[in-house]
Amino acid sequence: MFQTPQEVLNYIREQDIKIIDLKFIDTPGIWQHCSFYRDLIDESAFDEGVAFDGSSIRGWKAINESDMSMVPDPTTAWIDPFMAEKTLSMICSIKEPRTGEWYSRDPRTIAQKSLDYLIASGLGDMAFIGPEAEFFVFDDVRFDQTENTGYYYVDSVEGRWNSGKQEPGGNLGYKPGYKQGYFPVAPTDTLQDMRTEMLLTMADCGVPIEKHHHEVATGGQNELGIRFAPLVQAADYLMTYKYVIKNVAKKYGKSVTFMPKPLFNDNGSGMHTHQSIWKDGQPTFAGNEYANLSKSALHYIGGLLKHAPALLAITNPTTNSYKRLVPGFEAPVNLAYSQGNRSASIRIPLSGPNPKAKRMEFRCPDATCNPYLAFAAMLCAGIDGIKNQIDPGDPLDVDIYDLSPEELAKVPSTPGSLLDALKALEADHEFLTAGGVFTEDFITSWIEYKLDNEVNPMRLRPHPYEFALYYDC
C-alpha cells in the first residue's frame with residue numbers, strides 16, 4: 001500500500017488519523033505494541049525510531065541499559081480493523097539509540113540479516129517462504145497450576161467427545177470424528193463464516209490470501225492459506241495472520257490457540273513451511289535432478305536434514321511442540337525427503353512444469369515459533385548445505401509410517417523433547433552464526449531462556465496423568 005515514510009505521513013494527514021499503533025515482536029514470538037498520538041510520528045521516527053523501555057521485554061535489556069527505539073516500516077502500514085478509533089498499524093524493527101545500530105537480539109533484524117547473508121554468499125538475492133499455520137478454535141478454555149492443583153480444560157461444539165452431551169435446543173449430532181475433520185461441509189463444519197471473515201480481514205490488512213478449510217482433528221482445527229512472500233514479509237504476514245484470527249474468533253465468542261498439541265489422541269497443529277531461493281528474478285531450485293530439483297536445492301535439503309535437531313530448538317521451541325512430534329504416529333518426525341510424500345519431514349510438492357513453482361516444504365515446524373527466527377534459521381541451514389554441498393542421501397519414496405521397526409530404525413528422527421533440541425543447538429550452531437546472522441550472545445540467551453522459563457518449570461510440576469499411573473503405587 002505504501003513504500004515511503006512520506007506516503008504514510010500524507011495518508012495520516014489526509015485521513016485525519018489520530019492514533020498510530022506500533023507493533024514489534026519479542027524474543028519468544030509475541031507481538032508487543034504501543035499506540036502514539038500522530039504528532040509523535042514524523043519523518044525522523046522512520047529513521048531514528050520511537051523510544052521505549054527494552055528492559056520490560058522478555059529476553060532483552062537490563063534495566064540499566066533499557067532505552068531502545070522501535071523503527072516503523074512504512075511498507076507494513078494497515079488500518080487495524082479491531083480498534084474503535086481509526087488506527088494505523090505498522091510493524092517495527094528495533095535500534096540501539098546509543099549507536100544507531102540495529103539490535104542484535106531483535107528477531108526482525110535477524111531475519112533481515114539472513115537475507116543479507118544470502119546476498120553476500122552469491123547464492124541468491126531473495127528467499128521466498130510460504131508458511132501453513134494450523135490452529136484450534138475452542139468455545140471454552142480453562143487452565144490453572146498451583147502448588148496442589150494442575151489442570152486444563154478445552155471444549156468445542158464440534159468436539160466428538162460432545163456427541164452425547166445435552167445441548168440447548170437439542171444435540172444435532174454433527175461432530176467430526178477423531179482424525180476425520182478434513183474438508184467436511186456444513187453443518188458438520190460450523191466455522192465456515194468465521195473463517196471467511198478471518199480470511200477477508202487479513203486481506204484488508206495487506207496479507208495475500210488463498211483459501212481456508214477445516215483441518216483433520218475434531219474440536220475445531222482449521223487452516224487459512226496465505227501466499228508465499230519474501231522472507232521478512234512472510235514473517236510479518238504470519239504475525240498479522242495470528243493477530244487477525246485471534247481477534248475475529250474473540251468477536252464470535254471463541255478462542256484460538258496455535259499450540260501444537262492441545263488435544264490428546266488426535267492430530268496436532270503444525271506449520272509446514274515452503275521455501276525457495278531466487279537469483280536475478282529466476283528460481284534456483286528448478287533443475288534436472290530428483291523431482292526436477294537443482295543440485296543447489298538438494299544441497300539446501302541436505303543442510304536442513306543435517307542441522308534439523310538444532311533447528312528444531314527454534315522452529316519447534318516449546319515443550320508442547322514435542323507432544324506433536326512423537327514417533328509411531330502421523331507426525332513429521334522422519335528426517336528424510338521425498339516428492340509428494342507427507343510422511344517425510346521434507347516434501348517436494350508436485351508443482352508441474354512451471355520452474356517458478358519449484359520449492360521444498362519442511363514439515364516439522366509449528367506456529368509457536370517466532371517466525372522471523374525460524375525462517376532465518378532454516379535459510380541459514382540451507383545456505384550451509386549449498387556452500388558445503390551437503391548430500392541429503394537418497395530420497396525415501398515410501399510410506400514411512402508403514403516401515404517395519406527394523407527399517408524405521410535406519411531413518412534419523414527429530415529430537416524427542418525441547419531439552420534434546422536445545423542440547424543439539426548448543427552443540428551445532430555455527431551455521432547460524434555464519435555471516436553474523438545470529439550472534440553467540442543470542443544463542444546463549446535463547447538456550448538459557450528456554451531452560452529457565454519452560455524446560456525446568458515443566459520438570460518441577462507433576463502431570464495430572466501421573467496421578468492415574470502412580471497414585472496408588
Side-chain angles (χ1 to χ4, degrees), residues 114 118 121-132 228 231 234 270-312 315 325 327 330-365 374-375 377-404 406-414 428 431:
S114 73
L118 173 65
S121 73
L123 300 174
D125 50 35
M126 183 52 65
F128 285 102
I129 304 291
E132 299 177 344
F228 66 90
L231 187 146
M271 189 182 73
H272 309 149
T273 306
H274 297 252
Q275 304 166 51
S276 65
I277 290 176
W278 288 51
K279 186 175 183 179
D280 299 327
Q282 297 299 316
T284 68
F285 278 14
N288 299 314
E289 302 292 323
Y290 171 78
N292 294 322
L293 291 173
S294 64
K295 283 191 178 296
S296 66
L298 289 173
H299 292 148
Y300 187 102
I301 290 171
L304 284 177
L305 292 174
K306 175 183 177 180
H307 298 298
L311 266 182
L312 264 65
T315 64
L325 297 176
E330 217 173 290
V333 299
N334 305 294
L335 296 177
Y337 72 103
S338 181
Q339 62 177 337
N341 184 350
R342 286 175 166 81
S343 65
S345 63
I346 294 181
R347 180 177 78 100
I348 296 91
L350 300 174
S351 54
N354 184 359
K356 294 184 177 181
K358 187 54 64 178
R359 63 199 187 278
M360 51 75 54
E361 174 195 46
F362 191 38
R363 297 176 61 79
C364 295
F375 299 164
M378 287 185 277
L379 179 59
C380 287
I383 291 173
D384 186 67
I386 298 172
K387 288 176 66 175
N388 293 292
Q389 298 185 10
I390 297 174
D391 185 356
D394 294 329
L396 204 54
D397 292 331
V398 298
D399 185 345
I400 303 174
Y401 301 138
D402 285 342
L403 293 179
S404 67
E406 294 75 21
E407 293 171 313
L408 197 59
K410 301 175 184 177
V411 182
S413 185
T414 55
D428 173 29
F431 71 99

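In this text the structure is predicted, and so the values were computed from the model without any measurement. Only this structure's heavy atoms are used, side chains among them; waters, hydrogens and symmetry mates stay out.
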A.B. asks: Carefully, step by step, assess Leu311 and Phe431 under the rule side chain to side chain contact (heavy atoms under 4.5 Å, CB included).
C.D. replies: CA-CA 10 Å; Leu311 266 182; Phe431 71 99; 4.1 Å; yes

A.B. asks: Distance-only, no hydrogens or angles: does the Gln389 side chain make a donor-acceptor pair with backbone N or O of Ile386 under 3.5 Å?
C.D. replies: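 Here the side-chain-to-backbone pair does not exist.
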
A.B. asks: To the nearest 0.5 Å, what is the distance between CG (Asn334) and OG1 (Thr414)?
C.D. replies: 8.0 Å

A.B. asks: Nearest 0.5 Å please: distance from the OG atom of Ser343 over to the CG atom of Asp399.
C.D. replies: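 Here the interatomic distance stands at 5.0 Å.
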
A.B. asks: Search all heavy atoms of Ser114 against all heavy atoms of Ile383 and return the closest pair with its distance.
C.D. replies: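 Heavy atoms only, the tightest pair is O-CD1, 4.4 Å.
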
A.B. asks: Could you tell me whether the side chain of Leu293 reaches within less than 4.5 Å of the side chain of Ile348, counting heavy atoms only?
C.D. replies: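 Yes, close enough: below the 4.5 Å cut-off.
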
A.B. asks: Which atoms form the tightest heavy-atom contact between Phe285 and Ser276, and what is the distance?
C.D. replies: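 Between these two residues, the closest heavy atoms are CE2-CA, 3.6 Å.
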
A.B. asks: Give every residue pair that meets the salt bridge (Lys or Arg N to Asp or Glu O under 4.0 Å) criterion with at least one member in residues 271-283, sequence neighbours excluded.
C.D. replies: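 Those involving residues 271-283 do not exist here.
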
A.B. asks: Any side-chain heavy atom of Leu379 within less than 4.5 Å of one from Ile277?
C.D. replies: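 They are in contact (side-chain heavy atoms under 4.5 Å apart), so the answer is yes.
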
A.B. asks: Using a strict 4.0 Å threshold on nitrogen-to-oxygen distance, state whether Arg359 and Glu361 make a salt bridge.
C.D. replies: no

A.B. asks: Quick one: closest heavy-atom pair of Asp428 and Ala310, and the distance?
C.D. replies: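 So the two residues come closest at O-CB, 3.3 Å.
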
A.B. asks: Any non-hydrogen side-chain atom of Leu118 less than 4.5 Å from a side-chain atom of Leu231?
C.D. replies: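 No, their side chains stay 4.5 Å or more apart.
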
A.B. asks: Would a distance-only check, ignoring hydrogens and angles, find a side-chain to backbone donor-acceptor pair under 3.5 Å from Thr273 to Met271?
C.D. replies: yes

A.B. asks: Do Tyr290 and Asp397 have side-chain atoms, one donor and one acceptor, less than 3.5 Å apart?
C.D. replies: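 A donor-acceptor contact under 3.5 Å links the two side chains.
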
A.B. asks: What's the shortest heavy-atom distance between Leu305 and Ser345, and which atoms?
C.D. replies: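 So the two residues come closest at CD2-OG, 4.1 Å.
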
A.B. asks: Determine yes or no for a side-chain-to-main-chain donor-acceptor pair under 3.5 angstrom, with Ser296 supplying the side chain and Thr284 the backbone.
C.D. replies: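 The answer is yes, because a donor-acceptor pair under 3.5 Å joins these two groups.
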
A.B. asks: Identify the two heavy atoms, one from Cys364 and one from Leu312, that lie closest to each other, and give their separation to 0.1 Å.
C.D. replies: CB-CD1, 4.2 Å

A.B. asks: Is there side-chain contact between Arg347 and Arg363, with heavy atoms separated by less than 4.5 Å?
C.D. replies: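 Arg347 reaches Arg363 side chain to side chain.
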
A.B. asks: Would you say Pro365 and Met378 make side-chain contact, with heavy atoms under 4.5 Å?
C.D. replies: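 They are in contact (side-chain heavy atoms under 4.5 Å apart), so the answer is yes.
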
A.B. asks: Mind checking whether Asp384 and His307 have side chains closer than 4.5 Å, heavy atoms only?
C.D. replies: yes

A.B. asks: Any idea which heavy atoms bring Ile400 and Ala344 closest together, and the distance?
C.D. replies: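 The pair with the smallest heavy-atom distance is CD1-CA, 3.8 Å.
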
A.B. asks: Could you give the distance from CZ (Phe362) to OH (Tyr300), rounded to the nearest 0.5 Å?
C.D. replies: 10.0 Å

A.B. asks: Under the 3.5 angstrom rule, does the side chain of Ser413 hit a backbone N or O of Val333 as a donor-acceptor pair?
C.D. replies: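 Checked: pair present.
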
A.B. asks: Is there side-chain contact between Lys358 and Pro283, with at least one heavy-atom pair below 4.5 Å?
C.D. replies: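 SC-SC contact between Lys358 and Pro283 ruled out.
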
A.B. asks: Hey, could you give me the CG/CG distance between Leu350 and Asn292, rounded to the nearest 0.5 Å?
C.D. replies: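 Reported to 0.5 Å precision, the distance equals 10.0 Å.
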
A.B. asks: Should Met360 and Ile346 count as side-chain neighbours, where that means a heavy-atom distance under 4.5 Å?
C.D. replies: yes

A.B. asks: For the CG atom on Asn288, are there more than 12 heavy atoms of other groups (residues, nucleotides or ligands in this structure) within a distance under 6.0 Å?
C.D. replies: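 Result for CG/Asn288: open.
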
